[in-house]
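Read the structure below first, then the notes.
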Protein chains: 2
Amino acid sequence: MKNRNPVVHKLLESFVQFHKLNWKQSPMVSLKSSEIMVLFSIKKLMNPDTPGIKMSDISNALRVASPTITQLINSLETNGFVERTMDKEDRRAVRVKLTDKGEGAIEKASESFYEAFNGLAEFLGEENSNLLADLLSQTFTYFEKRKKEIF
Amino acid sequence: MKNRNPVVHKLLESFVQFHKLNWKQSPMVSLKSSEIMVLFSIKKLMNPDTPGIKMSDISNALRVASPTITQLINSLETNGFVERTMDKEDRRAVRVKLTDKGEGAIEKASESFYEAFNGLAEFLGEENSNLLADLLSQTFTYFEKRKKEIF
DNA sequence: AATAAATTATTAGGCAACCTAAATATATAT
DNA sequence: ATATATATTTAGGTTGCCTAATAATTTATT
């Protein structure tokens, strides 16, 4: 990394630092942050005229392998945050929906996420917040493209 | 997360996306990225008139608990990337330094990191790259401060 | 219709990157 | 001399993922 473009070095340093950041801090003592992410994505995908979300849809939404979702849903189900039901049209599929407890949990989590990120948005200022979000998305695009090109 | 400030939502979304990003992709098949980070920090801390870096210094530099460093150094040592020596002034301490193999490895890793981040800097443009690095650092500051205030 | 191929989810087992608590050895302070 | 502090290691655990193999069912092909 020697005597090269200092911007590059600065970028790398900030990435390292940022990466350590635990911004996903679970506000619910009883839920891991991966579980909260699952609840969020169920909430987001859910619509009133379906009996629940398919495992594979959660897996796609979170870009996580399906056995991972199985495990997370197992734990969420045994703790009463979600319910599994059989899909009547496709008996291979499983439909998952939030219980009232689940709804309550994401209500709280949502509150606390909002508070944290609202604080950040205030701290950075609206313009910078927008900029940051855009730059992060661009960075994501860059690395995804790069990955495809290399392999 | 309903009908609230859209900037906040956008920030959160971009964080989620960015967080998944595997920008630390280890270029050396035989080294995990945590191990590369250790090698980097040894290289950075090293100075010609010491016989090596103390475990605790690596641990502080990377902000990782010392048993974690012990494990990483164990593996790096058995694979010949670093060498442990006793500290003659303080016999509790251990000094770690890079072997030639270790130097070679971080040379290559450094090359490949630089290439990736240089590409990013070009992709974003110099001004935006600087901005991104600054905003990430500010974000780090914000969350660190928040953590302290809450607990 | 029968068989093959694809899809959905689960089970089993593993890995990376961390952590804490307790143990060991040595150094420093009282 | 004893207590306390520091440096490292050992032992064992957690989180968040993964792949390969299996079971059940659906869809496509002959």
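Proteins get letters first, then strands, A, B, ... in listed order; numbering begins at 1 in each.
If you take NZ of K20(A) and C1' of dA16(C), they are 13 Å apart, rounded to a whole angstrom. Atom CG of N22(B) is separated from atom C1' of dA16(C) by 11 Å (rounded to the nearest Å). Whole-Å rounding puts the M37(A) CE to dT15(D) P distance at 15 Å. In this structure, I53(B) atom CD1 and dT8(D) atom C1' are separated by 16 Å, rounded to whole Å. As rounded to whole Å, 17 Å separates atom P of dT14(D) from atom CG of L31(A). Going from atom NZ of K32(A) over to atom P of dG16(D) covers 6 Å, rounded to whole Å. The CG-P distance, from N60(B) to dT8(D), rounds to 10 Å in whole Å. Taking atom CD of Q71(A) as the reference point, atom C1' of dT10(C) lies 10 Å away to the nearest angstrom.
Using a distance-only test at 3.5 Å, with no hydrogens or angles considered, no donor-acceptor pair links the side chain of S59(A) to the main chain of M55(A).
The nearest heavy atom of DNA chain D to V64(A) and to R92(A) marks one nucleotide each, and the one closer to the 5' end goes with V64(A). Mapped onto DNA chain C by nearest heavy atom, L72(B) and S56(A) fall at different nucleotides, with S56(A) at the one closer to the 5' end. For the pair D90(B) and M55(A), nearest-nucleotide mapping onto DNA chain C gives the more 5' position to M55(A). For P67(A) and E35(A), each mapped to the nucleotide of DNA chain D holding its nearest heavy atom, the one lying further toward the 5' end belongs to E35(A).
Of the charged side-chain nitrogens involved, at least one lies within less than 4.0 Å of a carboxylate oxygen, so that K147(A) and E144(A) count as a salt-bridged pair. A salt bridge does not link R95(A) to E83(A): none of the charged nitrogens lies less than 4.0 Å from a carboxylate oxygen. Salt-bridge formation is not detected for the pair K54(A)/D90(A): no Lys NZ or Arg NE/NH1/NH2 atom is positioned less than 4.0 Å from an Asp or Glu carboxylate oxygen.
In this structure, A65(A) reaches the bases: a heavy-atom distance under 4.0 Å links it to at least one base atom across the strands shown. Residue S34(B) is classed as a sugar-phosphate contact, given heavy-atom separations below 4.0 Å to backbone atoms only.
Neither OP1 nor OP2 of dA16(C) sits under 4.0 Å from any side-chain N or O of S33(B). OP1 or OP2 of dT26(C) lies within a sub-4.0 Å distance of a side-chain N or O belonging to R91(B). The shortest distance between the side-chain N/O atoms of K54(B) and the OP1/OP2 oxygens of dA7(D) is below 4.0 Å. Applying the 4.0 Å criterion to OP1 and OP2 of dG16(D), one finds that T68(A) has every side-chain N and O outside that range.
Between W23(B) and H19(A), the two ring planes are perpendicular [angle over 60°; tilted spans 30° to 60°]. Ring pair F117(A)/F15(B) is perpendicular by interplanar angle, where above 60° counts as perpendicular and below 30° as parallel.
Under the rule for a salt bridge (charged side-chain N to carboxylate O under 4.0 Å, His left out), the partners of E77(B) that lie at least two apart in sequence or sit in another chain are R84(B). Residues that satisfy the salt bridge (charged side-chain N to carboxylate O under 4.0 Å, His left out) test with E13(B), not counting sequence neighbours, are K44(A).
Nearest nucleotide to the side chain of A93(A), out of dC17(D), dA9(C), dT8(D): dA9(C).
At a non-hydrogen distance threshold of 4.0 Å, R84(B) from residues 74-88 of chain B come into contact with DNA chain D.
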